[in-house]
Every structure is written in C-alpha cells, then in structure tokens.
Amino acid sequence: MDKLIITGGNRLDGEIRISGAKNSALPILAATLLADEPVTISNLPHLHDITTMIELFGRMGVLPVIDERLGVEVDPTRITSLVAPYELVKTMRASILVLGPMVAHFGKAEVALPGGCAIGSRPVDLHIRGLEAMGATIIVEDGYIKATAPEGGLRGAHFLFDTVTVTGTENILMAATLAKGKTVIENAAREPEVVDLAECLIAMGAQITGHGTDTIIVHGVERLHGARYSVMPDRIETGTFLVAAAATRGRVKLKDTDASILESVLLKLEEAGAHIDTGKNWIELDMKGNRPRAVNLKTAPYPAFPTDMQAQFVAMNTVAEGTGTVIETIFENRFMHVQEMNRMGARILVEGNTAIVTGVERLKAAPVMATDLRASASLVIAGLVADGDTLVDRIYHIDRGYECIEEKLQALGGIIRRVPA
C-alpha cells in the first residue's frame with residue numbers, strides 16, 4: 001500500500017490542467033448501457049473507480065475499447081451477463097448506477113449491494129422505490145438487488161424523493177429514458193454532474209427537461225442511439241487545488257475547468273482573502289503571499305456549499321487567521337480527518353456535526369492516516385503547510401478521486417513523493 005511523503009513550507013505557484021469529473025464520468029459510463037449502438041465517452045479521468053467500472057463492463061461481456069485520444073467506446077449490444085458481482089461492487093458505491101440502465105434496457109439486473117467510503121449512511125432504498133414506482137419487481141437477497149421489469153418494460157411514473165440523492169436521481173433518470181410514457185422526478189438533485197448526465201442522455205436521443213432544477217421531466221423513447229460525449233471538468237478537484245494554493249499563500253491557474261460549477265466555493269475563498277479571476281475555461285487564485293482568513297461554512301445540497309469540499313476548508317482554517325465554524329449536514333461521520341490534523345498541532349474542537357477551528361501559524365509534520373477520499377486530500381493540504389515531512393498512509397482513497405495528485409502538486413512547486421509501503 002503506497003504512502004505519500006510531503007515536505008511542507010512551499011507556496012504553490014503555477015498552472016495545471018483539471019481532469020474530467022469522476023462523479024460525472026461514472027453515471028455517464030453507466031448510461032452507455034441504455035444505447036443500442038456504440039457510445040464514445042471522452043475526458044475520462046484516469047482513476048481507480050473508472051478502471052473498476054470498465055472492469056465491471058468487461059465481466060458483463062461489454063468490452064470497452066480505448067481510442068488514441070483516451071476516449072472509451074462502449075458497445076452495450078455485446079452484453080452477455082446482467083450481474084454486477086460483489087467483488088467489484090464492494091469497492092465502489094457508484095456500481096449501483098448500472099441498476100437502472102440494465103432494468104430499463106434489458107429487463108432485468110442483479111447488482112450487489114455497494115461498498116465505498118465509510119462516511120455515513122447512504123441507503124439504496126430510494127433507488128429501489130423509484131424503480132418499483134416504474135413497475136419493476138425487486139427483491140433483495142443474498143446481498144444482491146434483483147430487479148425485473150414488467151412485461152412490456154418500465155412505465156413512466158411520478159416519483160418524489162424523500163431526501164435529495166444524487167445517485168438516486170441519476171438511476172431513476174436513466175431508467176426513465178426508456179420507460180413508456182412520462183416520468184416526473186421531484187426533489188431531484190441539482191448537481192452539475194446530474195446535468196452533465198442528462199446532457200449526455202439527450203445526445204443519445206433522450207427527451208429530458210428540467211435538469212438542474214428540483215423537478216426533472218422525462219418522456220420515454222423507444223431507443224437511445226450512439227453518441228460522442230465529453231465529461232465535464234471535476235469541480236471538487238478544482239476546489240481542492242484552489243484551497244491548497246490558498247492555504248500555502250500561493251497562486252495557481254487551473255485550466256480546462258469552469259467557474260460556474262463551484263460558485264459557493266469561490267465565494268468562500270474570496271471571503272478567505274483570495275483574489276480570484278476567471279475566464280471561459282480557467283480560474284486563477286492569488287493570495288498575494290497573505291495568510292488566509294478563517295471562514296464559516298455549512299454544507300448542503302447543490303447549489304450550496306458541497307460536502308466534498310468540507311475537509312479541505314477545515315485544513316485551510318487550521319492555518320488561517322481567526323476561528324472558523326464548519327457545520328456538516330450531509331454525512332454524519334465526516335470529521336474523521338480532524339483527529340489526524342490535531343495530531344499535527346491543529347486546534348479543532350468537534351461538537352456533534354460542528355467543527356470549530358482556531359487557526360495556528362503553522363502545523364507540525366506527523367504520520368497521519370487517510371480515512372476517506374476527501375479526508376485524504378485535506379491531509380495532503382495539511383502536509384503542505386506543516387513544518388517537516390508528513391507521511392500520509394492509506395492513500396488508496398485519494399487515488400479513487402484524484403488523477404496524478406502528486407505530479408500536479410509537484411508541477412505547482414509542492415514537495416511530495418509517493419513511496420511503496
């Protein structure tokens with residue numbers, strides 16, 4: 001198991017390219033199973049979760065072809081198995097996203113109950129209830145969700161989500177594209193990744209309106225055809241590098257990204273004292289050498305502040321001027337990075353779902369252990385602003401969400417290297 005060793009103290013300064021969004025790429029790959037012709041997806045990030053999804057397709061008989069531009073062509077007509085096995089699904093929650101497309105297109109599916117980061121309760125019952133509203137028969141046994149469409153296929157339905165769920169919205173949205181009649185999804189997730197999925201489905205011939213709002217309307221069609229589609233930039237990777245630059249009092253220009261998809265993050269960075277300029281496909285942040293100011297924030301579903309950026313801002317607040325209060329409302333177990341940062345000299349007090357962070361001038365290096373994907377990124381940021389060499393263990397989490405993170409940080413002047421266990 002690899003580790004990262006980070007020598008703190010350098011200001012980040014330079015330009016890097018932002019990768020495609022993992023949280024968009026995974027549902028878009030799943031959506032290719034709805035087509036009756038090959039679909040080519042480009043701007044996929046080179047991440048373990050993407051590799052796992054492609055391996056899952058291979059187990060199902062769908063053998064994706066990678067072209068010279070690193071696009072992936074998926075031909076779903078070659079499918080031979082409608083089972084997503086546990087040994088693959090257990091490593092990645094997003095595997096559940098093949099459930100809706102398989103039931104809608106092929107009439108049945110068996111998908112193992114998923115695994116992934118241990119950051120709280122993320123039940124799949126909303127996925128199941130949505131498909132049942134469309135006429136599917138579903139039983140859960142032996143650790144598998146076994147779904148069968150009614151004779152004649154899924155039917156359009158009116159479905160209200162009890163709570164906002166991104167993957168739940170995506171699963172029902174995909175299934176609805178081939179359902180007979182009209183489907184209305186209320187209390188739908190509004191995240192840019194949901195919008196990106198809808199735009200890909202539209203490119204394949206789906207009839208969808210309202211994506212980006214809390215009510216999505218889908219008119220089912222007979223078939224979806226082939227298409228070429230490029231995945232949107234990763235807003236969380238973008239935000240992570242911006243926060244890393246702010247924490248180190250540096251300057252970065254991020255290319256191939258989009259300021260409109262992380263407005264709440266940019267506002268908080270400006271509140272922290274960052275000077276931000278944006279263009280059509282770039283964002284530049286400059287701290288002018290100044291220490292960041294502590295910010296208060298509260299996570300909530302899009303377009304509010306994203307839970308996936310909470311840990312990174314906690315890391316920035318540890319070395320900021322003043323005291324910042326961070327309230328986590330999405331996941332109940334998402335402050336596991338706090339005790340690791342406190343071992344580095346941070347002053348963080350957790351009370352329930354609130355972390356009160358009092359900034360110190362500098363952190364001190366220590367061996368730390370990553371507990372989930374975004375906590376990993378926050379510990380890397382902490383290492384960049386700590387005196388000495390910080391060793392970050394269990395970095396397989398970070399490899400699930402960040403493409404070549406050490407190479408990108410090195411390009412910005414960070415002193416970081418990967419070492420084998």
Side-chain angles (χ1 to χ4, degrees), residues 2 4 15-32 39-58 64-74 88 91-95 97-98 116-117 166-167 170 191-197 199-200 228-244 252-259 261-262 265 281-283 306 308-309 311-312 370 372-378 380-381 395-412 414 416 418:
D2 291 353
L4 290 175
E15 297 184 5
I16 55 169
R17 178 189 171 273
I18 293 300
S19 303
K22 180 195 82 158
N23 289 346
S24 190
L26 291 170
I28 284 173
L29 282 171
T32 64
V39 179
T40 300
I41 307 300
S42 59
N43 200 35
L44 291 169
H46 304 156
L47 297 171
H48 188 259
D49 280 9
I50 301 296
T51 305
T52 301
M53 184 68 91
I54 290 171
E55 187 179 347
L56 174 58
F57 280 11
V65 177
I66 301 174
D67 66 24
E68 68 281 359
R69 296 183 180 179
L70 298 177
V72 173
E73 181 186 89
V74 181
L88 287 177
T91 65
M92 183 182 66
R93 297 194 65 89
S95 305
L97 289 165
V98 302
C117 288
V166 173
T167 54
E170 290 167 340
E191 272 73 2
E193 295 80 9
V194 175
V195 175
D196 204 33
L197 170 63
E199 290 296 331
C200 178
R228 299 186 71 90
Y229 194 79
S230 179
V231 172
M232 66 176 276
D234 193 317
R235 63 192 171 103
I236 305 303
E237 185 194 31
T238 301
T240 298
F241 281 106
L242 290 173
V243 172
V252 293
K253 184 173 185 179
L254 307 181
K255 299 178 289 188
D256 295 339
T257 189
D258 182 354
I261 57 177
L262 69 162
V265 171
N281 61 353
W282 57 269
I283 302 172
D308 279 354
M309 284 301 305
Q312 298 89 314
D372 65 70
L373 171 54
R374 305 308 171 184
S376 309
S378 72
V380 169
I381 293 171
I395 63 167
Y396 61 85
H397 288 295
I398 210 164
D399 290 335
R400 287 186 43 238
Y402 292 91
E403 180 180 28
C404 306
I405 190 167
E406 67 269 29
E407 287 94 332
K408 290 186 177 184
L409 285 170
Q410 286 164 3
L412 297 172
I416 177 172
R418 182 180 296 249

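A quick note: this is a predicted structure, and the numbers were derived from the prediction, not measured.
- Between the CG atom in Leu56 and the OG1 atom in Thr52 there is a gap of 9.0 Å [rounded to 0.5 Å].
- In terms of modelled atom types and a separation under 3.5 Å, the side chain of Asp234 and the main chain of Ala21 share no donor-acceptor contact.
- Between the side chain of Lys255 and the backbone N or O of Ile283 there is no donor-acceptor pair closer than 3.5 Å.
- With hydrogens and angles left out, the side-chain atoms of Ser378 and Gln312 include no donor and acceptor closer than 3.5 Å.
- Side-chain atoms of Asp196 and Tyr229 form a donor-acceptor pair, as typed in the model, at a separation below 3.5 Å.
- Taking CG of Leu88 as the start and CD1 of Ile54 as the end, the distance is 12.5 Å to the nearest 0.5 Å.
- Taking 4.5 Å as the limit, some side-chain heavy atom of Arg235 sits within range of a side-chain heavy atom of Pro192.
- Open room surrounds CZ on Arg228; 12 or fewer heavy atoms of other groups in view lie less than 6.0 Å from it.
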Step by step, would you call Arg400 with Asp372 a salt bridge (Lys or Arg N to Asp or Glu O under 4.0 Å)?
CA-CA 10 Å; Arg400 287 186 43 238; Asp372 65 70; over 6 Å; no
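- Looking at every heavy atom in both residues, Leu373 comes nearest to His397 through CD1-O, 3.1 Å.
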Using the rule given for salt bridge (Lys or Arg N to Asp or Glu O under 4.0 Å), can you reason through Glu237 versus Lys408, listing the C-alpha separation, both sets of side-chain angles and the distance that settles it, and then say yes or no?
CA-CA 11 Å; Glu237 185 194 31; Lys408 290 186 177 184; 2.7 Å; yes
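- Of the possible donor and acceptor atoms, none in the side chain of Thr257 sits under 3.5 Å from a partner among the backbone N and O of Leu254.
- Using a 4.5 Å cut-off on side-chain heavy atoms (C-beta onward), Pro233 and Ile261 make contact.
- Looking at Ser19 and Glu403, their side chains do bring a donor and an acceptor atom within 3.5 Å of each other.
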